[in-house]
Amino acid sequence: MARLNPDVVVVVAYGLILPPAVLAIPRHGCLNVHASLLPRWRGAAPIARAIEAGDLETGITIMQMEAGLDTGPMLLQRSAPILDTDTADSLEERLSILGAEAMISAIDHLGTGELIARPQDSAKTTYAAKLQKNEAPIDWSQTALQLHRKIRALNPWPVAATYWRGQTLRVWDVGTIEPAVSPTVPGTIIAADARGLRVQTGDGLLNIHRLQAAGARALNAREFLNGTPMRPGDRLGT
């Protein structure tokens, strides 16, 4: 890399901290596309953690890399809303386009004096811990809103999961949250039809739109129920 004598190095989703010897090579430094509005959500899973936390907004930060984890000064930021329908997968797709545009803009203005590197306010730092497989199980005693966010955050990996009659079911997509008319035991299926599975949570009903049985492909609720005899009163999570 030193022989190439680059003006700038662009780093995207590399997953490792570059050593100081590499960071020092390019004249304008190493620029990183980070999928959050730093200093919020430094770390490995900023998109999923923003959805899980219920953030209404996220974005892209172009920063100059240094030895710390996502601690470098910021050159440019672009914001984006987090929609109630966003999964980590769909939001990542939108942010990838925004990030590419932001990086091109940053490179175009390098060395012109138009970009001012701003230090991050460490007092506002939050960390986006790496996703783990053991986060997948659904605890139906949580609120419908908590589960709505979790299921969206864990799509496409590791994917939220529950059990039905000892069989693992992966839950890919959810719809609306509804009030519980007659609250019952969390995990109880209240309705099962083409609209989805309405499942009792710790407070309201969560509408599940897409599921996947072990060894099968993911199906929408109508398709899934055609081959799986789920009924109101059945319990998920057992």
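Owing to the predicted nature of the structure, the values given are computational and were not obtained by experimental measurement.
In this model, no donor atom of one side chain and acceptor atom of the other lie less than 3.5 Å apart for Asp70 and Trp41. Between the side chains of Gln146 and Thr143, at least one donor-acceptor pair of N or O atoms lies under 3.5 Å. Residues Thr125 and Gln120 bring no donor and acceptor atom of their side chains to less than 3.5 Å of each other. Inspection of the Thr87 and Asp89 side chains reveals no N or O donor paired with an N or O acceptor under 3.5 Å.
Between the Lys150 side chain and the Pro137 main chain, a donor and an acceptor come within less than 3.5 Å of each other. Not a single donor-acceptor pair under 3.5 Å links the side chain of Thr228 to the backbone N or O of Met230. Checking side-chain atoms of Asp86 against main-chain N and O of Leu83 turns up a donor-acceptor pair under 3.5 Å. Between the Thr201 side chain and the Asp203 main chain, a donor and an acceptor come within less than 3.5 Å of each other. Gln212 places a side-chain N or O within donor-acceptor distance of the main-chain N or O of Ala216, the cut-off being under 3.5 Å. A distance-only check finds no donor-acceptor pair linking the side chain of Ser79 to the backbone of Gly59 [under 3.5 Å]. The closest donor-acceptor contact from the side chain of Ser141 to the backbone of Gly202 lies at 3.5 Å or more, if one exists at all.
Residues that satisfy the salt bridge (charged side-chain N to carboxylate O under 4.0 Å, His left out) test with Glu135, not counting sequence neighbours, are Arg49. Here Arg195 pairs with Glu178 under the salt bridge (charged side-chain N to carboxylate O under 4.0 Å, His left out) rule; sequence neighbours left out. For Arg170, the salt bridge (charged side-chain N to carboxylate O under 4.0 Å, His left out) test picks out no residue, with sequence neighbours left out. By the side chain to side chain contact (heavy atoms under 4.5 Å, CB included) test, Arg118 is found to be paired with Met74, Gln77, residues two or more places apart in sequence or in another chain being considered. Listed by chain and residue number, Arg198 satisfy the salt bridge (charged side-chain N to carboxylate O under 4.0 Å, His left out) test with Asp193 (two or more places apart in sequence, or in another chain).
Taking each heavy atom of Ala153 and Ala88 in turn, the nearest pair found is O-CB, 3.4 Å. Pairing each heavy atom of Ala45 with each of Ala129, the nearest pair is CB-O, 3.4 Å. The nearest pair of heavy atoms linking Ala194 to Ala221 is O-CB, 4.4 Å.
Put simply, the side chain of Arg217 reaches to within 4.5 Å of the side chain of Leu219, judged on heavy atoms. You'll find the side chain of Leu206 reaches within 4.5 Å of the side chain of Ile151, heavy atoms only. Leu56 places none of its side-chain heavy atoms less than 4.5 Å from the side chain of Ile82. Inter-residue side-chain proximity for Leu31 and Gln64 is flagged as met; some heavy-atom pair is nearer than 4.5 Å. Taking the side chain as every heavy atom from C-beta outward, Leu91 and Ile51 approach each other to under 4.5 Å. When side chains are defined from C-beta on, Val11 counts as touching Met65, because their heavy atoms get closer than 4.5 Å. Taking the side chain as every heavy atom from C-beta outward, Thr126 and Arg42 never approach each other to under 4.5 Å.
How far CG of Asn32 is from OG1 of Thr61: 9.0 Å, rounded to the nearest 0.5 Å. Residue Leu131 holds its CG atom at 10.5 Å from CG of Asn134, rounded to the nearest 0.5 Å. Residue Asn207 holds its CG atom at 12.0 Å from CD1 of Ile190, rounded to the nearest 0.5 Å. Rounded to the nearest 0.5 Å, atoms NZ (Lys124) and CG (Leu37) are 12.0 Å apart. The distance from atom OG1 of Thr58 to atom CD1 of Ile47, rounded to the nearest 0.5 Å, is 7.0 Å.
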### Query
Would Ser105 and His109 count as a side chain to side chain contact (heavy atoms under 4.5 Å, CB included) if you check the C-alpha gap in whole Å, the side-chain angles of each, and the deciding distance to 0.1 Å?
CA-CA 6 Å; Ser105 178; His109 293 91; 3.8 Å; yes
### Message
Let's go through Cys30 and Leu18 carefully: what are the C-alpha distance in whole Å and the side-chain angles of both, what is the deciding distance for side chain to side chain contact (heavy atoms under 4.5 Å, CB included) to 0.1 Å, and is it a yes or a no?
### Response
CA-CA 9 Å; Cys30 297; Leu18 295 179; 4.1 Å; yes
Considering only distance and modelled atom types, tabulate donor-acceptor pairs under 3.5 Å from the side chains of residues 156-165, sequence neighbours left out.
unit_1: Thr162; atom_1: OG1; unit_2: Trp140; atom_2: NE1; d: 3.0
unit_1: Thr162; atom_1: OG1; unit_2: Gly237; atom_2: N; d: 3.2
unit_1: Trp164; atom_1: NE1; unit_2: Asp234; atom_2: OD2; d: 3.4

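The pair Arg152-Asp84 does not meet the salt-bridge criterion, since no charged nitrogen lies less than 4.0 angstrom from a carboxylate oxygen. Ion pairing between Asp173 and Arg210 holds under the 4.0 Å rule for side-chain N and carboxylate O.
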